[in-house]
Peer 1: 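Please see the structure below; I have some questions.
Given the structure is predicted, the values throughout are model-derived calculations rather than measurements. Every chain is numbered from 1 and lettered A, B, ... according to where its sequence line falls, protein lines coming before strand lines.
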Amino acid sequence: MELKINEKVINVEEGKNGHDLTLELAKDEIKTIIAYKLNGKLFDLFAPINEAGDFEFITTSSDEAFHILNHSCAHLLAEAVSSLYKGAKFGVGPAIDEGFYYDIDLGDVVLKEDDLKKIESKMKELSKKNEYVVRKVVSKDEALDIFKNDEYKTELINELEGEISIYKQGDYVDLCCGPHVPSTGFIKFFKLETIAGAYWRGNSENKQLTRIYGVCASTKEKLEEIENIKEEAKKRDHRKIGKEMGLFSFSEYGPGFPFFLPKGLTLRRQIENWWYDLHDEHGYKVIKTPIILSKELWLTSGHWDHYKENMYTTKIDDRDFAIKPMNCPGAILVYNSELHSYKDLPLRLGELGLVHRHEASGALNGLFRVRCFTQDDAHIFCTKEQLKDEIENLLKFFDEIYSVFKLDYSIVLSTKPEKDYIGDDAIWEQSERILAEACKATGKDFKINPGDGAFYGPKLDFKLKDCMGRIWQCGTIQLDMNLPERFNCTFINSKGEKERPIMLHRAILGSFERFIGIITEHFAGAFPAWCTPVQIKVLPVNNNFHLEYSKKLVSEFKKHHFRVELDDSEEKLGYRMRNAQMQKIPYTIVVGDKEVENKTVTYRKYGTDKQITVSIDDFSKMLQDEIDSKSLLVELKKFSK
RNA sequence: GCCGAAUUAGCUUAGUCGGUAGAGCAACUCAUUCGUAAUGAGUAGGUCGUUGGUUCGAUUCCGACAUUCGGCACCA
């Protein structure tokens with residue numbers, strides 16, 4: 001059969017050893033080609049070619065190569081570890097989006113961060129040997145024999161069906177389906193990053209293995225770039241910026257319970273006010289329900305049985321109560337507090353609801369994972385006929401909100417779980433179809449995550465992507481076939497009969513806490529003027545001559561409800577300018593002789609060093625426009641691929 | 001919750017192979033009155049996370065606990 005390789009047509013014999021492929025390549029090409037792709041499948045460079053079709057060499061700079069390089073680097077790590085730590089047993093060592101890891105059982109040996117350097121230099125040494133990475137297909141019995149001392153590999157082999165392949169480099173053999181780089185010399189630019197514990201097969205019932213994370217790149221520059229992105233992420237860490245800018249804090253007296261400081265709450269209030277306004281416009285009725293409600297309610301909702309571990313409970317007058325982990329039962333009590341006609345539907349009950357959940361101590365993580373948070377929740381009661389329109393409206397609403405923050409997102413449709421779900425299969429199927437159709441009707445792409453729906457209904461999850469390319473689960477639209485039933489929710493239809501409404505849960509930002517954490521990192525603290533804690537800083541050049549006019553400006557801006565601060569400290573202008581810039585204040589106004597004389601405003605916008613002089617009115621109008629349009633303060637840099 | 005690490009002044013941190021600690025920034029005082037990212041000098045500020053143990057002596061070594069961080073598990 002014929003195969004086109006590098007513009008040359010060559011004849012490939014059935015089962016011919018691919019070693020000969022290298023003959024078709026120039027010497028310097030061999031250095032950068034690590035695999036080939038045939039009909040969409042990846043193969044080792046030396047793998048025999050068994051069919052004709054679309055052929056492509058994989059060079060070290062491609063995305064596939066990153067994966068292959070990192071997977072091979074995991075093997076190199078294992079080779080180094082097995083030579084340094086006799087008796088080490090190996091779990092799995094895959095490539096991941098950020099690099100690779102290997103799970104290792106080192107017996108009683110506890111690995112220290114310093115040991116990584118030792119392992120790294122061993123890896124460098126092995127890489128210099130540039131040994132071939134040889135694939136071999138073996139029988140199950142052979143495989144079991146080779147790995148007879150490694151219970152982890154043995155467990156994996158016993159579950160394997162079909163072809164079993166092993167890879168050998170030097171004395172090291174690993175169970176693997178490949179593909180890999182042709183030789184260890186390809187793995188030159190790598191770094192071992194952290195040590196962590198990880199349960200064997202991801203099951204907390206199992207033993208924990210030592211996981212070593214690392215990353216491998218095709219060039220020194222690429223490795224540096226990856227390191228730089230990590231550095232940038234560290235600089236943007238919301239915990240760091242939150243402290244520096246005085247947004248929020250934590251106390252050991254309340255693990256997982258964040259404190260919003262004056263500046264952080266100002267930021268939050270802007271978003272909350274906007275949220276309320278938007279919900280008024282979109283026909284929501286906004287409510288606030290109590291955070292403590294009696295056990296009976298949670299028994300009815302099913303939370304007491306399904307979610308009790310995560311709920312905080314208390315006793316009042318000898319009666320059991322729980323602090324709400326979710327807002328739904330409260331919203332249902334509001335719904336059920338009066339009779340509803342079909343003419344009232346859809347009824348959209350919005351709530352910024354404060355919930356408390358007992359998250360595992362190890363799960364806590366800044367504002368991203370907390371034990372008390374406010375969901376921007378809404379529960380929508382509608383008829384079956386209204387469902388599709390309602391979901392389409394929601395999708396547009398979500399878009400409206402996310403676009404303000406310039407956050408990209410993707411949608412995942414989670415469908416009926418395999419077991420332990422409630423409701424008819426037919427209703428599930430119908431609801432899933434409605435969710436999918438609503439996406440299509442509004443032009444939204446979505447992925448399907450089969451079996452990942454809640455036990456009470458299918459859902460659409462919204463995964464936000466920040467400018468660092470990280471993914472955050474925030475918004476959700478969930479159909480609920482459970483609670484309306486349990487609480488016997490009804491409305492009177494046009495025939496005068498009682499009918500069960502459909503109930504939708506939805507959250508757009510998810511929680512204010514997490515969302516504020518995300519946008520803090522997304523904007524690196526340079527929040528858009530409309531929501532930033534302080535919009536204007538006024539700096540008199542000389543307090544003896546310019547303070548009066550500065551104060552006049554401040555009171556003028558306060559009339560416009562601008563958030564303005566005066567810095568009349570006895571410091572040099574440069575010092576105060578520096579502070580204003582570090583606080584990422586959108587407009588810093590410097591007041592000197594010229595401004596006092598001409599009654600003007602000279603400002604410097606954050607992120608620029610231009611000085612612009614305008615009239616007071618023009619400045620106010622410009623800032624008001626910026627606030628009204630919710631424009632970004634600085635253009636967002638993209639750090640991800 | 002599990003594996004590992006960390007915790008020194010308000011913040012960022014140095015240091016002690018066991019003899020109770022230094023710095024920069026911030027604060028305060030004085031001088032400087034200054035046009036766009038740090039003016040100078042001085043003062044004060046520490047139960048070295050909490051708590052047991054070992055020791056003549058513990059911030060340092062060991063244990064427990066708390067909190068935080070990196071992961072894992074969890075996130076109906």
Peer 1: Hey, can you tell me if A/Y152 and A/W200 have their rings parallel, tilted or perpendicular (30° and 60° cut-offs)?
Peer 2: perpendicular

Peer 1: Can you tell me how far C1' in B/rU16 sits from the matching atom in B/rG22, rounded to whole Å?
Peer 2: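 Approximately 11 Å lies between the C1' atom of B/rU16 and that of B/rG22.
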
Peer 1: With a 4.0 Å cut-off on heavy atoms, is A/G574 in touch with a base, just the backbone sugar-phosphate, or nothing at all?
Peer 2: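 Sugar-phosphate only.
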
Peer 1: Check the phosphate of B/rC11 against A/K243, side-chain N and O only, distance under 4.0 Å to OP1 or OP2. Yes or no?
Peer 2: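 Indeed not, no polar side-chain atom of A/K243 lies that close.
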
Peer 1: Both distances under 3.5 Å, Watson-Crick or G-U wobble: report the partner of B/rU16, or none.
Peer 2: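 The answer is none; no pair meets the criterion.
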
Peer 1: Does any nucleotide pair with B/rC30 by Watson-Crick or G-U wobble geometry, both distances under 3.5 Å, and what is it?
Peer 2: B/rG40

Peer 1: Look at A/R239 and B/rC69 and indicate whether a side-chain polar atom (N or O) is within less than 4.0 Å of OP1 or OP2.
Peer 2: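 Yes, such a contact exists.
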
Peer 1: Go through the side-chain N and O atoms of A/T602 and A/Q611 and say whether any donor and acceptor fall under 3.5 Å apart.
Peer 2: no

Peer 1: Report the base-pairing partner of B/rC25 (Watson-Crick or G-U wobble, both distances below 3.5 angstrom), or none.
Peer 2: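 Result: B/rG10.
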
Peer 1: For the pair made of CG in A/L364 and C1' in B/rC69, what is the distance, rounded to whole Å?
Peer 2: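 Taking atom C1' of B/rC69 as the reference, CG of A/L364 is at 12 Å.
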
Peer 1: Any chance the rings of A/F619 and A/Y587 have centres within less than 6.0 Å?
Peer 2: yes

Peer 1: Between B/rC72 atom P and A/D103 atom CG, what is the distance in whole Å?
Peer 2: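 A/D103 atom CG is separated from B/rC72 atom P by 10 Å.
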
Peer 1: Rounded to whole Å, how long is the line connecting atom NZ of A/K610 with atom P of B/rG35?
Peer 2: 23 Å

Peer 1: What is the pairing partner of B/rU59, taking Watson-Crick or G-U wobble pairs with both distances under 3.5 Å in any strand?
Peer 2: none

Peer 1: Taking any heavy-atom pair under 4.0 Å as a contact, classify A/D593: base, sugar-phosphate, or nothing.
Peer 2: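 Base: the residue A/D593, judged by heavy atoms under 4.0 Å, touches a nucleobase.
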
Peer 1: Is there a Watson-Crick or G-U wobble partner for B/rC2 with both distances under 3.5 Å, and which nucleotide is it?
Peer 2: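 B/rC2 is paired, partner B/rG71.
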
Peer 1: Measuring only the P atom in each nucleotide, how far is B/rA64 from B/rG57? A whole number of Å is fine.
Peer 2: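 After rounding to an integer number of Å, I get 23 Å for this pair.
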
Peer 1: Is the phosphate of B/rA26 approached by A/Y575 (side-chain N or O, under 4.0 Å from OP1 or OP2)?
Peer 2: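 Yes, such a contact exists.
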
Peer 1: When rounded to the nearest Å, what value does the distance between C1' atoms of B/rU59 and B/rA27 take?
Peer 2: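 Pairwise C1' distance, B/rU59 against B/rA27, rounds to 26 Å.
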
Peer 1: If you measure only the distance, is there a donor-acceptor pair under 3.5 Å linking the side chains of A/K324 and A/T289?
Peer 2: yes

Peer 1: Can the ring centres of A/Y456 and A/H306 be said to be less than 6.0 Å apart?
Peer 2: no

Peer 1: Separation of A/M326 atom CE from B/rC75 atom P, in whole Å?
Peer 2: 11 Å

Peer 1: State the pairing partner of B/rC48; accept Watson-Crick or G-U wobble contacts with both distances under 3.5 Å, and report none otherwise.
Peer 2: none

Peer 1: Would you kindly give the OH-to-C1' distance between A/Y253 and B/rU67, to the nearest whole Å?
Peer 2: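 After rounding, the reported distance stands at 11 Å.
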
Peer 1: What interatomic distance, in whole Å, is found between P of B/rG40 and the corresponding atom of B/rG49?
Peer 2: 33 Å

